[in-house]
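Below: one structure, written as structure tokens.
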Amino acid sequence: MNDKQSVREQIWQRIGADPAVRTAVPPAGRIPGFSGAEAAAERLAELPEWRAARVLKLNPDTPQLAVRALAIEQGKLVYMAVPKLKSERPFIALEQRSLGVSAREAASVEGSQRYGVATRIEDLQPVDLIVCGTVAVNPSGVRIGKGAGYADLEFALLAELGLVTERTLIATTVHDVQVLDQPLPETAHDFRVDLIVTPTRVLRCPRAERPLGLIWEQLDAEKIAAIPALAARQRAR
């Protein structure tokens with residue numbers, strides 16, 4: 001078991017064992033749901049960084065459903081990634097004025113695919129704020145996801161095209177038990193978060209150097225072939 005996986009297992013076990021934190025969905029193997037997710041979303045939406053952001057890239061995981069619904073309700077342009085980036089139009093655009101259903105319905109994974117607009121990366125607008133799902137994070141902003149690596153790939157693809165820059169802020173909403181006051185392992189393709197929002201507090205993290213784009217040496221041929229946007233970028237090199 002690698003260092004990241006041992007941290008994931010620790011958090012999944014901690015959440016699953018605490019009835020005051022866990023939800024009905026078992027946490028293992030996923031971005032874990034947590035009691036207070038809506039309170040964390042509301043706290044995030046009170047921040048000046050949120051109010052100033054017009055274009056958001058939001059993760060599709062259940063713990064951030066309330067974040068997505070609030071963003072749509074407030075008239076922001078929301079991008080969600082297609083699962084595993086497997087489409088030639090790998091992002092779904094959601095904007096209140098073009099939806100015929102409630103923000104909550106459109107913000108679900110099923111609703112976004114039904115009512116959103118599939119969009120090519122080249123047609124995206126520059127992103128002001130990213131909200132990502134997290135398994136564990138520390139006050140320095142080092143985060144560990146569920147291990148699939150798609151959040152890092154999305155970030156790198158957008159960075160390559162200049163749609164994510166140093167001005168783009170990155171936030172995560174988590175339960176307090178997911179914030180670990182200890183060093184966490186990270187690799188060259190990992191990005192750090194600027195804001196950690198829990199149901200009870202906001203942590204502002206020091207800005208660290210970010211990946212500038214895709215690290216091709218860390219991508220195997222199978223992964224590139226499975227993601228049309230990666231294959232297109234490789235052809236354009």
Are Leu214 and Leu157 close enough, and set up right, to give a side-chain contact (heavy atoms from CB on, under 4.5 Å), and what steps lead you there? CA-CA 6 Å; Leu214 294 161; Leu157 279 165; 3.8 Å; yes
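- Tyr79 and Ala93 make their closest contact through CE2-CB, 3.8 Å (heavy atoms, listed as atom of the first residue, atom of the second, distance).
- Proximity of Arg207 to Glu166: side-chain heavy atoms (C-beta onward) are separated by under 4.5 Å at one or more points.
- Among all heavy-atom pairs drawn from Ala20 and Ser35, the shortest one is O-CB, 3.4 Å.
- Minimum interatomic distance between Gly145 and Arg8 (heavy atoms only, all atoms of both residues): O-NE, 2.6 Å.
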Starting from the C-alpha separation in whole Å, work towards a yes-or-no answer on salt bridge (charged side-chain N to carboxylate O under 4.0 Å, His left out) for Glu49 and Arg167. CA-CA 11 Å; Glu49 293 90 344; Arg167 294 186 298 276; over 6 Å; no
For the pair Glu9 and Gln13, evaluate side chain to side chain donor-acceptor pair (under 3.5 Å) and give the outcome as yes or no after the intermediate values. CA-CA 6 Å; Glu9 297 288 353; Gln13 182 177 18; over 6 Å; no
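- Each ring pair (Phe, Tyr, Trp, His ring centres under 6.0 Å) pair with one or both residues in residues 98-124, not counting sequence neighbours, would appear here, but there are none.
- In this structure, Leu124 and Leu161 have side chains that are not in contact, with every pair of non-hydrogen atoms separated by 4.5 Å or more.
- Between Ile92 and Gln113 the shortest side-chain heavy-atom distance falls below 4.5 Å.
- In this structure, Asn138 contributes its side chain and Gln182 its backbone to a donor-acceptor pair below 3.5 Å.
- Listed for the Arg97 side chain is no donor-acceptor partner under 3.5 Å among the backbone atoms of Gly75.
- Listed for the Thr168 side chain is a donor-acceptor partner under 3.5 Å among the backbone atoms of Thr165.
- No side-chain donor-acceptor contact under 3.5 Å links Arg89 to the backbone of Thr119.
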Between Lys76 and Gln96, is the side-chain contact (heavy atoms from CB on, under 4.5 Å) condition met? List the steps. CA-CA 8 Å; Lys76 299 180 186 296; Gln96 181 72 73; over 6 Å; no
Trace of the side chain to side chain donor-acceptor pair (under 3.5 Å) decision for Thr134 with Gln178: CA-CA 8 Å; Thr134 295; Gln178 294 172 260; over 6 Å; no
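- Linking Ile, Leu, Val, Met, Phe, Trp and Tyr whenever their side-chain heavy atoms come within less than 4.5 Å puts Val131 and Val202 in one cluster.
- Partners of Asp190 by salt bridge (charged side-chain N to carboxylate O under 4.0 Å, His left out), not counting sequence neighbours, listed by chain and number: Lys4.
- The shortest non-hydrogen separation linking Val193 to Cys132 is CG1-SG, 3.8 Å.
- Residues Leu70 and Leu94 share a single hydrophobic cluster, defined by chaining ILVMFWY side chains whose heavy atoms lie under 4.5 Å apart.
- Shown here for Ile121 and Pro90, the closest heavy-atom pair between the two residues is CG1-CG, 3.6 Å.
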Working for side-chain contact (heavy atoms from CB on, under 4.5 Å), residues Leu56 and Leu77: CA-CA 6 Å; Leu56 283 65; Leu77 174 57; over 6 Å; no
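- The shortest side-chain heavy-atom distance between Asp128 and Leu169 does not fall under the 4.5 Å cut-off.
- The salt bridge (charged side-chain N to carboxylate O under 4.0 Å, His left out) search around Asp176 returns Arg201, not counting sequence neighbours.
- Summarising the local packing, CD of Glu209 is surrounded by 12 or fewer heavy atoms from other residues, nucleotides or ligands at distances under 6.0 Å.
- A donor-acceptor distance shorter than 3.5 angstrom exists from the side chain of Arg51 to the backbone of Glu46, with no hydrogens or angles considered.
- The closest donor-acceptor contact from the side chain of Gln64 to the backbone of Thr173 lies under 3.5 Å.
- Both Val55 and Ile130 are part of a single hydrophobic cluster, where members link through side-chain heavy atoms under 4.5 Å apart.
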Salt bridge (charged side-chain N to carboxylate O under 4.0 Å, His left out) between Glu186 and Arg192: does it pass, once the steps are laid out? CA-CA 9 Å; Glu186 59 182 332; Arg192 295 190 183 191; 2.4 Å; yes
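- In this structure, Trp12 contributes its side chain and Pro27 its backbone to a donor-acceptor pair below 3.5 Å.
- Legend: residues meeting side chain to side chain contact (heavy atoms under 4.5 Å, CB included) with Asp181, ordered by chain and number and at least two apart, are Pro139.
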Mind listing the side-chain donor-acceptor pairs of residues 220-237 below 3.5 Å, one per line with the distance, residues two or more places apart or on another chain?
residue : atom : partner : partner atom : Å
Asp220  : OD1  : Glu222  : N            : 3.2
Asp220  : OD1  : Lys223  : N            : 2.7
Arg233  : NH2  : Glu160  : OE1          : 3.2

Checking side-chain contact (heavy atoms from CB on, under 4.5 Å) for the pair Arg143/Ile196: CA distance, chi angles, key distance, verdict? CA-CA 10 Å; Arg143 69 173 281 279; Ile196 301 168; over 6 Å; no
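- Taken together through direct or relayed side-chain contacts under 4.5 Å among Ile, Leu, Val, Met, Phe, Trp and Tyr, Val174 and Leu184 form parts of separate hydrophobic clusters.
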Give the intermediate values and the outcome of salt bridge (charged side-chain N to carboxylate O under 4.0 Å, His left out) for residues Glu88 and Arg120. CA-CA 7 Å; Glu88 292 185 357; Arg120 299 185 313 152; over 6 Å; no
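- Hydrophobic clustering (side-chain heavy atoms under 4.5 Å, transitive across Ile, Leu, Val, Met, Phe, Trp, Tyr) keeps Leu85 apart from Val78.
- Around the CD atom of Gln218, the shell of radius 6.0 Å holds more than 12 heavy atoms that belong to other residues, nucleotides or ligands.
- Pairs engaging residues 186-208 under the ring pair (Phe, Tyr, Trp, His ring centres under 6.0 Å) rule: Phe155-Phe191 [sequence neighbours left out].
- Side-chain N or O atoms of Arg68 include one that pairs as donor or acceptor with a backbone N or O of Asn59 at under 3.5 Å.
- Considering every non-hydrogen atom in both Val7 and Ala136, the closest pair reads CG1-CB, 3.6 Å.
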Step-by-step salt bridge (charged side-chain N to carboxylate O under 4.0 Å, His left out) determination, Arg210 to Asp194: CA-CA 11 Å; Arg210 295 175 171 180; Asp194 302 300; 2.8 Å; yes
